[in-house]
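The chain is numbered in sequence order, starting from 1.
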Amino acid sequence: LPLLILPGVLPLLGAGCSGLGGPGSYTITAAQLQDALATRVPRHHSIAGLLDLEARITGLRLLPEDNRIAAQVSFDAGGPLLPRSFPGRFELLFAPRYEPSDQTLRASRLQVQGLSAPGLPAAFAGPLERSLPVMARLLVGEDLVLHQLRSRDLQRLQMLGVQPGDVQVTASGLQVGLPRRPGG
């Protein structure tokens, strides 16, 4: 893209994008990611009606060296087998990717680590820790949507001869490449 055209790309992408990360790219800030995750992740999941989990994103760390993001997830575990609700937390690690079929940036390659549930009876802590990866996927989905590009923005990008490409985690957010389209 010629440098004179690049400043015009930002308004075309809309409020979900904060600025250009360099020639041929734009950035979604860490704050925008946190806001998007906070609205998409308050989730409830019940396991056979015996254990209920209510989860929410409470923090975010960008890991540019690994091209991953670590989201801190807080949860409350309760249900008929527990004497009361128990708070806990874990970290959900994921890599960002662009999905062209629906013009979204998604969290992929989910990993769970660092379960902490102080006070949870030992009889439940072990099974909870073993089932946490499955529950995390149920709570946040297999491919959590981080951001969605609007079709009119994509049409404008096509007119400029570019398309969303590789997604890189940087110290300030996600940098989405805008390489030239084949034949563009």
Side-chain angles (χ1 to χ4, degrees), residues 9-10 12-22 24-47 53-75 88-116 128-155 157-158 162-182:
V9 173
L10 176 62
L12 301 178
L13 294 174
C17 304
S18 69
L20 299 170
S25 67
Y26 70 93
T27 299
I28 300 168
T29 67
Q32 290 168 319
L33 284 173
Q34 172 82 31
D35 290 346
L37 287 170
T39 60
R40 289 183 173 100
V41 172
R43 301 264 177 105
H44 175 83
H45 186 67
S46 180
I47 301 168
L53 289 179
E54 191 75 36
R56 62 208 164 277
I57 299 290
T58 55
L60 198 67
R61 285 187 308 124
L62 301 173
L63 307 168
E65 63 281 359
D66 298 324
N67 201 41
R68 296 179 69 74
I69 298 169
Q72 290 76 47
V73 180
S74 293
F75 66 88
R89 66 181 178 275
F90 62 89
E91 199 165 58
L92 182 66
L93 292 136
F94 55 88
R97 71 174 179 83
Y98 177 69
E99 176 52 53
S101 67
D102 62 359
Q103 299 87 36
T104 57
L105 294 176
R106 294 183 170 268
S108 63
R109 300 188 340 241
L110 301 175
Q111 291 180 310
V112 176
Q113 67 182 28
L115 172 66
S116 172
L128 179 62
E129 188 167 357
R130 286 189 296 280
S131 61
L132 195 56
V134 172
M135 286 189 284
R137 282 177 173 75
L138 293 172
L139 287 167
V140 303
E142 191 62 41
D143 263 352
L144 178 65
V145 174
L146 304 170
H147 178 75
Q148 180 152 22
L149 297 170
R150 299 178 302 196
S151 59
R152 71 174 186 233
D153 298 329
L154 287 168
Q155 290 171 348
L157 290 174
Q158 286 177 352
V162 297
Q163 63 188 7
D166 290 338
V167 182
Q168 295 295 314
V169 176
T170 69
S172 60
L174 296 181
Q175 185 174 343
V176 181
L178 295 173
R180 289 195 106 13
R181 285 183 312 137

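- Not counting sequence neighbours, Q168 has no partner by the side chain to side chain donor-acceptor pair (under 3.5 Å) test.
- Scanning all heavy atoms of the two residues, the minimum distance from V112 to F90 falls at CG1-CD1, 3.7 Å.
- R68 places none of its side-chain heavy atoms less than 4.5 Å from the side chain of V169.
- For D166, the CG atom counts as loosely surrounded, since its 6.0 Å shell holds 12 or fewer non-hydrogen atoms of other residues, nucleotides or ligands.
- Considering only residues two or more places apart in sequence or on other chains, S116 meets the side chain to side chain donor-acceptor pair (under 3.5 Å) condition with none of them.
- For the residue pair V176 and P164, the shortest heavy atom distance occurs at CG1-CB, 4.2 Å.
- Classification of E54 and R56 as a salt-bridged pair fails, no side-chain N sitting under 4.0 Å from a carboxylate O.
- Here the shortest heavy-atom pairing between S25 and Q175 reads OG-NE2, 3.0 Å.
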Test side chain to side chain donor-acceptor pair (under 3.5 Å) on R106 and S108 and set out the steps. CA-CA 6 Å; R106 294 183 170 268; S108 63; over 6 Å; no
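- In this structure, the side chains of I69 and L93 stay at 4.5 Å or more apart for every pair of heavy atoms.
- To the nearest 0.5 angstrom, F75 atom CZ is 11.0 Å from T58 atom OG1.
- What you find for Q158 and R181 is that their closest heavy atoms are O-NH2, 3.0 Å.
- Interatomic distance, CG of L149 versus CD of E99, reported as 12.0 Å (0.5 Å rounding).
- Heavy-atom minimum distance, A71 versus F94: CB-CE2, 4.1 Å.
- The structure places CD1 of I28 at 12.5 Å from CG of D35, a figure rounded to the nearest 0.5 Å.
- For CZ of R89, the number of neighbouring non-hydrogen atoms (other residues, nucleotides, ligands) closer than 6.0 Å is 12 at most.
- Residues satisfying the side chain to side chain donor-acceptor pair (under 3.5 Å) test with R61, not counting sequence neighbours, are E91.
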Candidate pair R97 and R109, rule side-chain contact (heavy atoms from CB on, under 4.5 Å), full reasoning: CA-CA 10 Å; R97 71 174 179 83; R109 300 188 340 241; over 6 Å; no
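- Taking each heavy atom of P64 and A171 in turn, the nearest pair found is CG-N, 3.9 Å.
- Atoms CG and OG1, on N67 and T170 in that order, are 9.5 Å from each other to the nearest 0.5 Å.
- L105 is not listed as a side-chain neighbour of P96, based on a closest heavy-atom distance of 4.5 Å or more.
- Between T104 atom OG1 and L146 atom CG the span is 8.5 Å, to the nearest 0.5 Å.
- Interatomic distance, CG of L174 versus CG of L33, reported as 4.5 Å (0.5 Å rounding).
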